[in-house]
Enquirer: 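Before I ask anything, here is the structure I am working with.
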Amino acid sequence: AVTTPPGLDMAALRAIAARRRGSTTYRHLLDRIAEHFETHDGFVSWSGGKDSTVVVDLARQVDADGPVVFFDSGLQFPETLRYLDDLSGQWRLNFTVIPAEPDLLTVMIALGGFDHQAPDRRLGVELSELMITGPAAEAHRRHGRGSLWG
C-alpha cells in the first residue's frame, strides 16, 4: 500500500495539477518568442536534442512556418539525421540544413587526428568557428539577426 507522507495534502496537489492541465502555463514563453521574432526575425537552431526540440516546438506554436536550422558537422549518428528528418516532416517545419565547410571529419584528417605518431597541427581557425559560428552566420544571413537555441 502507498502511504502519503504526513503534512502532504494530496487533494491540494490534485487541484493544482487539474488547473495546469486546463490552461497553458507557458503562455509567457510563447509571448517572449513572438516578441523576439517580431523584433529580430531569425531562426531556431535545432540539434535534435531534448532542449532544442522543446524550443522548436514552442517556436512553431508561435509561427508554424518559422525557419528551423540544423548545423551539420558531418559526424552525426544516422539515427539523429533520421529523427530530424522524420520530426520535421511530421511537424511540417520550414527546415534547413547548413553543412559545415569543411566537415569535421575532413578537419580531423587534415590535423592528423587519427595518426597518434604525427605532431599536432594547427588549423588556423577554431573548430567552433567552423562548426557553429560559420553556419550560424549563414543562417543569420538567410533568416535575420535573431535566433533561439535550446
Enquirer: For Ser73 and Ala100, work out which heavy atoms get closest and say how close.
Expert: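 Result for this residue pair: CA-CB, 4.2 Å.
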Enquirer: Rounded to the nearest 0.5 Å, what separation is found between the CG atom of Asp31 and the NE2 atom of His36?
Expert: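 These two atoms lie 14.5 Å from each other.
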Enquirer: Measure the CD1-NE2 distance between Ile33 and His28 for me, rounded to the nearest 0.5 Å.
Expert: 9.5 Å
Enquirer: Out of Asp57, Asp63, Leu58, which one pairs with Arg60 under the side-chain contact (heavy atoms from CB on, under 4.5 Å) rule?
Expert: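 The single option meeting the side-chain contact (heavy atoms from CB on, under 4.5 Å) with Arg60 is Asp57.
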Enquirer: Which residue pairs satisfy the ring pair (Phe, Tyr, Trp, His ring centres under 6.0 Å) criterion with at least one member in residues 126-150, sequence neighbours excluded?
Expert: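 Qualifying pairs, neighbours excluded: Phe43-His140, Phe71-Trp149.
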Enquirer: Grab the two heavy atoms, one from Leu148 and one from Ala59, that are nearest each other, plus how far apart they are.
Expert: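 Shortest heavy-atom separation between Leu148 and Ala59 comes out as CD1-CB, 4.3 Å.
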Enquirer: If you count the non-hydrogen atoms of other residues, nucleotides and ligands that lie under 6.0 Å from CZ in Arg32, is the total more than 12?
Expert: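 For Arg32, atom CZ is not crowded (no more than 12 foreign heavy atoms under 6.0 Å).
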Enquirer: How far apart are the closest heavy atoms of Leu75 and Asp72, and which atoms are they?
Expert: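 Minimum heavy-atom separation between Leu75 and Asp72: N-OD1, 4.5 Å.
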Enquirer: Measure across Arg145 and Thr39 and return the closest heavy-atom pair with its distance rounded to 0.1 Å.
Expert: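 Heavy-atom minimum between the residues: NH2-O, 4.3 Å.
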Enquirer: Rounded to the nearest 0.5 Å, what separation is found between the OG1 atom of Thr106 and the CE atom of Met108?
Expert: 10.5 Å
Enquirer: Nearest heavy-atom pair of Gly150 and Val55: which atoms, and what distance?
Expert: CA-CG2, 3.6 Å
Enquirer: Do Ser45 and Ser147 have side-chain atoms, one donor and one acceptor, less than 3.5 Å apart?
Expert: no
Enquirer: Which side-chain N or O atoms in residues 77-94 pair as donor and acceptor under 3.5 Å with protein atoms at least two apart or in another chain?
Expert:
unit_1 : atom_1 : unit_2 : atom_2 : d
Ser88  : OG     : Leu84  : O      : 2.9
Ser88  : OG     : Asp85  : O      : 3.0
Asn94  : ND2    : Asp65  : O      : 3.1

Enquirer: Hey, what do you get for CG (Leu127) to CG (Leu104), rounding to the nearest 0.5 Å?
Expert: 6.0 Å
Enquirer: So, taking the atom named OG1 in Thr96 and the one named CZ in Phe70, what distance separates them when rounded to the nearest 0.5 Å?
Expert: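 That separation rounds to 12.5 Å.
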Enquirer: Flag the pair Phe37 / Val44 as yes when at least one side-chain heavy-atom distance between them is below 4.5 Å, and no otherwise.
Expert: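 A side-chain contact under 4.5 Å exists here.
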Enquirer: When rounded to the nearest 0.5 angstrom, what is the spacing between CE in Met131 and CG in Asp103?
Expert: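 Met131 CE to Asp103 CG: 7.0 Å, rounded to 0.5 Å.
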Enquirer: Where is the tightest heavy-atom contact between Pro102 and Val107, given as atom of each residue plus distance?
Expert: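 Shortest heavy-atom separation between Pro102 and Val107 comes out as CG-CG2, 3.6 Å.
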